[in-house]
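For reference, the structure discussed in these notes is given below.
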Amino acid sequence: HFEETGRRGGTRTAKFDWAAGQLALFNGNSARTVALPRGTLDQTSLAYAFSFRPVAGAGFDIHVTDGRGVKQYRYREVGQETLVTPLGEIRARHFEKVRGPDDKRGFEFWLAPDRHLLPVKLRFVEKSGDAFDSIITEIKVQQ
């Protein structure tokens with residue numbers, strides 16, 4: 001289940017039915033059902049998914065939903081970086097969405113190999129070109 005509230009005053013929802021291979025999409029007053037490709041993620045869990053299944057290779061294709069539909073994107077590894085964070089320096093693998101000439105929106109994430117491949121930085125790039133970063137401030141692990 002994926003739900004996003006507040007974006008342009010509305011709510012978008014995606015309900016995953018893995019057994020039936022269908023994704024129910026609700027966007028404002030519209031609703032429709034589409035085929036659910038195996039391994040599809042919602043846009044919120046994309047960066048976190050690799051804590052549970054390691055990234056294989058320097059690039060990969062993945063289906064992602066934002067509640068409006070399902071699109072296939074290609075991501076590539078940019079390289080290794082050391083980030084300065086409120087937790088100190090963290091070694092991270094940097095990934096970015098491969099954008100075509102007409103794709104104005106970007107998404108990048110940095111995964112920390114020494115911290116269970118948790119995302120330690122996210123970058124969202126809007127159509128306008130404005131970029132918004134989120135960086136880790138705390139990690140709590142319960143044993």
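Note: hydrogens, waters and symmetry copies are ignored here, and every other heavy atom, side chains too, is used.
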Practice task
Using a 4.5 Å cut-off on heavy atoms from C-beta on, say whether the side chain of V70 contacts that of V34.
Solution key: yes
Practice task
Looking only at non-hydrogen atoms, find the nearest pair between I135 and P86 and report the distance.
Solution key: CG2-CD, 4.5 Å
Exercise for the section: Spell out, yes or no, whether L117 and F107 are grouped together once hydrophobic residues are joined by side-chain heavy atoms under 4.5 Å, including indirect joins. Expected result: yes
Problem - Sub-4.5 Å side-chain heavy-atom contact between R105 and F124 - result: no
Practice task
Return the minimal non-hydrogen interatomic distance between G67 and A14, and the atom names on each side.
Solution key: CA-CB, 4.3 Å
Under 3.5 Å donor-acceptor pairs involving side-chain atoms of residues 25-33, not counting sequence neighbours:
unit_1: S30; atom_1: OG; unit_2: N27; atom_2: O; d: 2.9
unit_1: R32; atom_1: NH2; unit_2: R68; atom_2: O; d: 2.6

Exercise for the section: Spell out, as yes or no, whether a donor-acceptor pair under 3.5 Å connects the side chain of T85 to the backbone of G88. Expected result: yes
Exercise for the section: Give a yes or no answer on whether the side chain of K97 reaches the backbone of R76 with a donor-acceptor pair at less than 3.5 Å. Expected result: no
Problem - Any H116 side-chain heavy atom under 4.5 Å of L111 side chain - result: no
Fill in the blank from the handout: Output for pair (Y73 OH, H63 NE2), nearest 0.5 Å, gives 11.0 Å
Handout entry: Student check: side-chain heavy atoms of D130 and V125 closer than 4.5 Å
Key = no
Handout entry: Heavy-atom side-chain proximity of T65 to L23 below 4.5 angstrom
Key = yes
Practice task
Check whether any side-chain heavy atom of I62 lies under 4.5 Å from a side-chain heavy atom of L46, and answer yes or no.
Solution key: yes
Exercise for the section: List the atom of P37, the atom of W18, and the distance in Å for their closest heavy-atom pair. Expected result: O-CZ3, 3.8 Å
Practice task
Would you indicate whether the side-chain heavy atoms of F16 and L36 approach each other to under 4.5 Å?
Solution key: yes
Problem - Close side-chain approach of E81 to W110, heavy-atom, < 4.5 Å - result: yes
Practice task
Salt-bridge test for R12 and E3: reply yes if a basic N is under 4.0 Å from a carboxylate O, no otherwise.
Solution key: no
Handout entry: Closest non-hydrogen atom pair, F109 against L122
Key = CB-CD2, 3.7 Å
Handout entry: Taking every non-hydrogen atom, the tightest pair across G106 and R99
Key = N-NH1, 3.7 Å
Exercise for the section: Of all the heavy-atom pairs spanning P113 and A92, show the shortest one and how long it is. Expected result: CD-CA, 4.1 Å
Handout entry: Check: Y75 ring centre within less than 6.0 Å of F60 ring centre
Key = yes
Exercise for the section: Give a yes or no on whether a salt bridge exists between D66 and K71, defined as a side-chain N under 4.0 angstrom from a carboxylate O. Expected result: no
Handout entry: Euclidean distance, Q72 CD relative to D61 CG, rounded to 0.5 Å
Key = 4.5 Å
Problem - Distance-only side-chain donor-acceptor flag, E108 / H94, under 3.5 Å - result: yes
